[in-house]
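Below is one structure, written out as structure tokens; the observations come after it.
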Amino acid sequence: MDKIIVEGGRRLEGEVRISGAKNAALPIMAATLLARGAYTLRNVPSLVDVRTMGEMLRVLGAGVEHHDHSITIDTTGCEAREAPYELVKQMRASICVLGPILARHGVARVSLPGGCAWGPRPVDFHIRAMETLGAKVTLEHGYIVAECERLKGATIHFDTPSVGATENAMMAASLAEGTTTIENAAREPEIGALAGFLRSMGARITGDGTDRIVIDGVDELFAADVEIIPDRIEAGTFMVAAAITGGDVLITGMRTDHCSAVIGKLKETGAEITEEGGGLRVKGPVWARSVNVTTAPYPGFPTDMQAQFMALMSVADSTAVITDTIYADRFAHVPELKRLGARIRVDRNVGVVNGVKRLSGARVMATDLRASAALILAGLVAEGETHVSRVYHIDRGYEKIEKKLAELGARIRRERE
Ligand code: EPZ
């Protein structure tokens with residue numbers, strides 16, 4: 001296992017380019033199961049989760065070749081119907097092969113996911129969506145078994161917006177007979193990216209980006225190429241890196257319109273954020289103001305930025321209340337931030353952060369993808385060295401984060417643990 005060692009105290013300066021979005025690439029890779037043929041995906045981030053999804057497609061019979069930042073996928077030989085536990089347990093997003101396999105083959109066996117470190121992460125919305133489209137779904141020996149000769153369009157209503165379930169429903173409905181309406185759909189940019197890719201494959205989808213998506217099912221789809229959108233969470237993470245170090249960083253290759261909530265909150269903390277050459281220049285405040293944050297489905301403040309923002313609030317000027325309305329207990333980073341000297345009290349899904357003047361470096365442990373990022377961000381300003389262990393978590397969702405930070409002036413290195 002690797003660890004990342006950060007020496008605090010350096011202002012970040014310079015330019016960083018954002019990679020393609022993990023959470024757009026994964027469902028788009030799953031969507032290639034909807035039609036036989038050869039696909040080229042460009043601007044794909046080089047991440048563990050992307051390779052895991054590639055492995056999943058191979059197990060299902062596809063040819064998958066990773067090149068620098070593109071992937072070629074050939075699904076001509078995809079006949080398999082089963083997504084095995086060994087792969088699904090590594091990555092919850094694998095559940096997104098359920099809709100495509102079911103729609104293409106009339107039967108799908110997908111292992112129940114393992115989920116991340118925080119709380120159980122159910123898939124009931126996914127299952128109910130497939131049943132609403134006419135599938136018979138049973139749970140057998142830890143597998144979701146879904147069967148339906150031909151899915152039928154219907155109205156699917158989600159109690160709360162779900163990114164993955166909206167993606168699964170959209171993909172399955174693309175090949176269903178008749179029209180499907182998804183109500184209370186997720187509105188994340190990754191949903192729009194998937195819908196755009198499906199349209200380029202011949203799907204008839206409107207309303208993506210709103211809470212009501214309408215899909216007119218077609219009999220067949222066709223392979224297409226796609227460029228993956230930039231990663232708005234990586235962009236937000238680097239914005240916080242500039243803010244927490246009082247730095248001056250130009251972030252390029254990002255979609256600023258996908259980051260409005262994070263930009264707005266960081267401006268409230270006193271960061272100076274201006275558009276520059278298609279990117280964003282972020283100048284950190286001398287001392288961040290404490291600002292309350294409540295996460296919400298897009299376009300609200302993303303839960304995937306909650307941990308990173310908490311790191312910034314740990315060294316802000318008074319008290320910040322951070323509420324996560326998406327996940328009840330996504331606070332595994334709190335005990336580790338407290339080892340660095342942060343003063344945080346958690347009560348159910350609310351973290352109260354009393355900012356301190358200074359953090360001090362320590363050995364800490366990453367517990368999940370965004371918690372790892374938060375610990376590295378805190379390490380950038382903690383006195384002395386911070387050793388973040390179990391960085392395999394961070395490699396799932398950030399491409400060469402220590403290299404990108406080092407190029408901005410951070411004293412950061414990776415070592416074998
Ligand atoms: C996606 O996960 C993202 N992952 C997550 O990012 C992100 O945190 C999450 O959306 C919320 O924005 C990918 O896109 C690969 P949800 P997903 O279904 O689709 C509940 C990262 O850091 N729910 O939108 O799994 C669920 O428990 C990852 O990149 C059900 O109750 O999330 C949660 O409270 C972490 N039943 C809420 O809905 C279901 O069947 C939103 O979850 C499904 C979800």
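In each ligand, atom 1 is the first atom listed, and ligand 1 is the first ligand listed. What you see is a predicted model; the values in this text were computed from it and never measured.
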Stepwise side chain to side chain contact (heavy atoms under 4.5 Å, CB included) check, Ile251 with Met239: CA-CA 8 Å; Ile251 302 172; Met239 289 160 66; 3.3 Å; yes

Polar contact flag, side-chain donor to acceptor under 3.5 angstrom, Ser389-Arg363: no

Atoms of ligand 1 close to Lys22 [distance to a heavy atom under 4.0 angstrom, numbered from 1]: 21 (C), 29 (O)

Options Val163, Thr295, Thr325, Ile233, ranked by nearest heavy atom to atom 10 (O) of ligand 1, top entry: Val163

Heavy-atom closest contact (Ile394 atom, Leu369 atom, distance): O-CD1, 3.8 Å

Numbered atoms and elements of ligand 1 in range of Val123, under 4.0 angstrom, heavy atoms: 39 (C), 40 (O)

Gln306 versus Asp324, side-chain donor and acceptor atoms under 3.5 Å: yes

Pair Glu399, His69: side-chain N/O donor-acceptor within cut-off below 3.5 Å: yes

NZ or CZ of Arg187 within 45° of Tyr298 ring axis and under 6.0 Å: no

Pair Lys404, Ser19: side-chain N/O donor-acceptor within cut-off below 3.5 Å: yes

Selected option - heavy-atom contact closest to atom 32 (O) of ligand 1, from Tyr298, Phe125, Phe158, Tyr327: Tyr327

Closest candidate by heavy atom, reference atom 35 (C) of ligand 1, pool Arg330, Met91, Arg370, Arg92: Arg330

Per-atom contacts of ligand 1 with Thr303, taking only distances under 4.0 Å to non-hydrogen atoms: 8 (O), 11 (C), 12 (O)

Atom indices of ligand 1, in the order listed, that fall short of 4.0 Å to a heavy atom of His126: 40 (O)

Contact atoms of ligand 1, heavy-atom distance to Gly164 under 4.0 Å: 18 (O), 19 (O)

Numbering as shown, the atoms of ligand 1 that approach Asp124 to under 4.0 Å (heavy-atom distance): 30 (C), 31 (O), 36 (N), 39 (C), 40 (O)

Asn23: numbered ligand 1 atoms lying under 4.0 Å from its heavy atoms: 3 (C), 4 (N), 6 (O), 13 (C), 14 (O), 15 (C), 21 (C), 29 (O)

Ligand-side contact atoms (ligand 1) for residue partner Ala93, heavy atom cut-off under 4.0 Å: 15 (C)

